[in-house]
Enquirer: 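Before we start, here is the structure in question, set down as structure tokens.
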Amino acid sequence: MDQQLTTSAAQIASFLKDHDDILCVSHYDCDGISSAVIVREMLEREDKQFDQVFLDELTEEKLASVVTDHDHETVLLTDFGSGQLPTVNTVLDHHDVAIIDHHEPSEDGTLEHHCNPHLVGIDGGSEISGAGMTYVVARELDQANIDLSPYALIGATGDMQRDGDTYQGLNQEIVEEAQKHDHITIKQGLKLYGRRGRNLVKALTYTTDPYLSGITDNESGAVQFLRSIGIELSDENGEWRSLADLSLEEERMIVNGLIKKGYGDIEQLIGSVYILDNGWEIREFASLMNACGRLDRPADGVTIAREDDFDLAATIKRKYSRKIGRYLSFVEDNMDDTEVIQEIGPGTLIQADDSIHANMIGTIASICIRSDILDDPIIIGMAHKGEDAIKISARASSEVTETGLAMSELMETCCTTVGGEGGGHERAAGGKIPRTEQERFIKVIREELTESLSKDTLTHQA
Ligand code: C5P
Ligand code: C5P
Ligand code: ZN
């Protein structure tokens, strides 16, 4: 592993050894929760006293409020902090502070105990996550913490750092380390979504890519198929079996059965499957952690991870899909209401106000861009956040980014123009603006979009 990075991680490890009574503050998303699991385990193993809290964003008010509520001299921030150095230095002026993060560091402000890949020339956007950085520190603290390596990969997966079937850079080094020590199993298998969390019939009927005619969306067809190739649908206790319950031989029988049925694109369904010790496939577990965060229950994510609490996992999944269902109905029910669903150049804007929670507007925008609910190449979601702000989430299809228009730049430009802030990735970006600037923001983004790309350019591109 990179020498400069391990040196920086070792510094944080010794900082943690020298301090006790620590307030650990983590970001509330999958990566933040995964970093928090690592923090908890490593500090418990060192017999440290600590409290753990989560925030959806690191603002002065929110940080000040958690440090007032939890009176500790030492604060450890994971999966955020690097981009908010002035905030950290102002609010935590009288604290001993360490940051472990992978976001771009702020240009102004410095911090003595700051572990970030960008500071040693490594890309924190694609090569390592916040949980990955926390893992590197944990391993410097004690080699025995290698068993926490899967959480580094869960975090990377949640932050979309997985590229098809593989990981890059430091993430790939961690994959190899986790595999070598038997903390993760990688096998060639069926990439059905819901290896652990769905029964076999559901996992098959929900498969839309490729479309399995006669099985997709067809429960009795799926049952018939499985029976015809000799797969038992339930176990000896009468419980439905999931793909994770099948033997390697049975999994092969399904693959061969699908091939025999003549599905052409079946190779899309076969590939590297990363399986955690608890039997979950890594993407499935990452989306469960993401759901915990979006439901504002990040601590439940930590509990599920540490205690293999599958009942709690089932509750979270149920609540999350109900919530998504409700929000999608809101979008569909208001399709003709031009206040709610507005056309802006080549895209669609969802003005949800209080009807969609700010933490979920990004998820809804992502679903809309992937599905045909709003059949548009750009989706901008807006929802009220707190008393005075509006949260914005922008998502674009690849045909948009191929024209050179990046959502990160669009958000940064449009949000800062109206006194807010924004950024993110090419296809997924976000921002926050003052509530009073709603109309001006819509005007600005409409102009930007209409100027940079017309529907014609896109049609010609496609
Ligand atoms: O970097 P930010 O970490 O906070 O990313 C969070 C969200 O951005 C993810 O939940 C995902 O929906 C979206 N994302 C994406 N594609 C990427 C990167 C992020 O859809 N390449
Ligand atoms: O919240 P959402 O999922 O829409 O975020 C998508 C991306 O936009 C994330 O990578 C996030 O870090 C980024 N973002 C940002 N500034 C904000 C809000 C989101 O850079 N104020
Ligand atoms: Zn992260």
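Since we're looking at a predicted model, the values are computed, not measured.
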Enquirer: What closest approach, in Å, do Ile373 and Ile367 show between heavy atoms, and which atom pair accounts for it?
Expert: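 Nearest pair, atom of Ile373 first, then Ile367: CD1-CG2, 4.4 Å.
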
Enquirer: For Ser26, enumerate each residue passing the side-chain hydrogen bond (donor to acceptor under 3.5 Å, both in side chains) test, keeping only those at least two apart in sequence or located in another chain.
Expert: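 side-chain hydrogen bond (donor to acceptor under 3.5 Å, both in side chains) list for Ser26, sorted by chain: Thr78.
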
Enquirer: Check whether Gln52 reaches the backbone of Ala36 with its side chain - one donor and one acceptor, N or O, closer than 3.5 Å.
Expert: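 Checking the backbone N and O of Ala36 against the side chain of Gln52, a donor-acceptor pair under 3.5 Å is found.
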
Enquirer: Would you list the pairs meeting salt bridge (charged side-chain N to carboxylate O under 4.0 Å, His left out) in which at least one residue belongs to residues 216-239, sequence neighbours left out?
Expert: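 Counting only pairs at least two positions apart or across chains, no salt bridge (charged side-chain N to carboxylate O under 4.0 Å, His left out) contact touches residues 216-239.
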
Enquirer: Could you work out, with side-chain contact (heavy atoms from CB on, under 4.5 Å) as the rule, every residue matching Cys30, not counting sequence neighbours?
Expert: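 For Cys30 the side-chain contact (heavy atoms from CB on, under 4.5 Å) partners, ignoring immediate neighbours, are Ser34, Ile154, Ala286, Met289, Asn290.
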
Enquirer: Once side-chain contact (heavy atoms from CB on, under 4.5 Å) is applied, do any residues pair with Glu46, and if so which ones, sequence neighbours excluded?
Expert: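 For Glu46, the residues satisfying side-chain contact (heavy atoms from CB on, under 4.5 Å) (neighbours in sequence not counted) are Lys17, Lys48, Leu141, Asp142.
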
Enquirer: Listed by chain and number, what are the side-chain contact (heavy atoms from CB on, under 4.5 Å) partners of Glu412, not counting sequence neighbours?
Expert: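 With neighbours one apart ignored, the set is empty.
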
Enquirer: Any salt bridge (charged side-chain N to carboxylate O under 4.0 Å, His left out) involving residues 176-201? Give me the pairs, sequence neighbours left out, ordered by first then second residue.
Expert: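 The answer is Arg139-Glu177, Asp165-Lys191, Lys187-Glu251, Arg195-Glu251, Arg196-Asp245.
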
Enquirer: Under the 3.5 angstrom rule, does the side chain of Asn171 hit a backbone N or O of Leu153 as a donor-acceptor pair?
Expert: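 Checking the backbone N and O of Leu153 against the side chain of Asn171, no donor-acceptor pair under 3.5 Å is found.
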
Enquirer: Looking at Glu140, Met133, His102, which one forms a side chain to side chain contact (heavy atoms under 4.5 Å, CB included) with Cys115?
Expert: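 By the side chain to side chain contact (heavy atoms under 4.5 Å, CB included) criterion, Cys115 pairs with just one of Glu140, Met133, His102: Met133.
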
Enquirer: How would you list, by chain and number, every residue that makes a side-chain contact (heavy atoms from CB on, under 4.5 Å) with Thr401, sequence neighbours excluded?
Expert: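 With neighbours one apart ignored, the set is Ser398, Glu426, Arg427.
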
Enquirer: Which residue pairs satisfy the ring-ring contact (aromatic ring centres under 6.0 Å, His included) criterion with at least one member in residues 311-367, sequence neighbours excluded?
Expert: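 Not a single pair qualifies under ring-ring contact (aromatic ring centres under 6.0 Å, His included).
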
Enquirer: I need the full list of salt bridge (charged side-chain N to carboxylate O under 4.0 Å, His left out) pairs touching residues 33-43, with sequence neighbours left out, sorted by first then second residue.
Expert: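 Every salt bridge (charged side-chain N to carboxylate O under 4.0 Å, His left out) pair that includes a residue of residues 33-43, provided the two are not neighbours, is Arg40-Glu44, Glu41-Arg45, Glu41-Arg306.
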
Enquirer: Looking at residues at least two apart in the chain, or sitting in another chain, which of them share a ring-ring contact (aromatic ring centres under 6.0 Å, His included) with Phe80?
Expert: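 Residues passing ring-ring contact (aromatic ring centres under 6.0 Å, His included) with Phe80: His27.
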
Enquirer: Sequence neighbours left out, what pairs pass side-chain hydrogen bond (donor to acceptor under 3.5 Å, both in side chains) with at least one residue falling in residues 329-340?
Expert: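 For residues 329-340: none.
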
Enquirer: Tell me the ring-ring contact (aromatic ring centres under 6.0 Å, His included) pairs involving residues 148-200, sequence neighbours left out?
Expert: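 The answer is Tyr167-Tyr274.
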
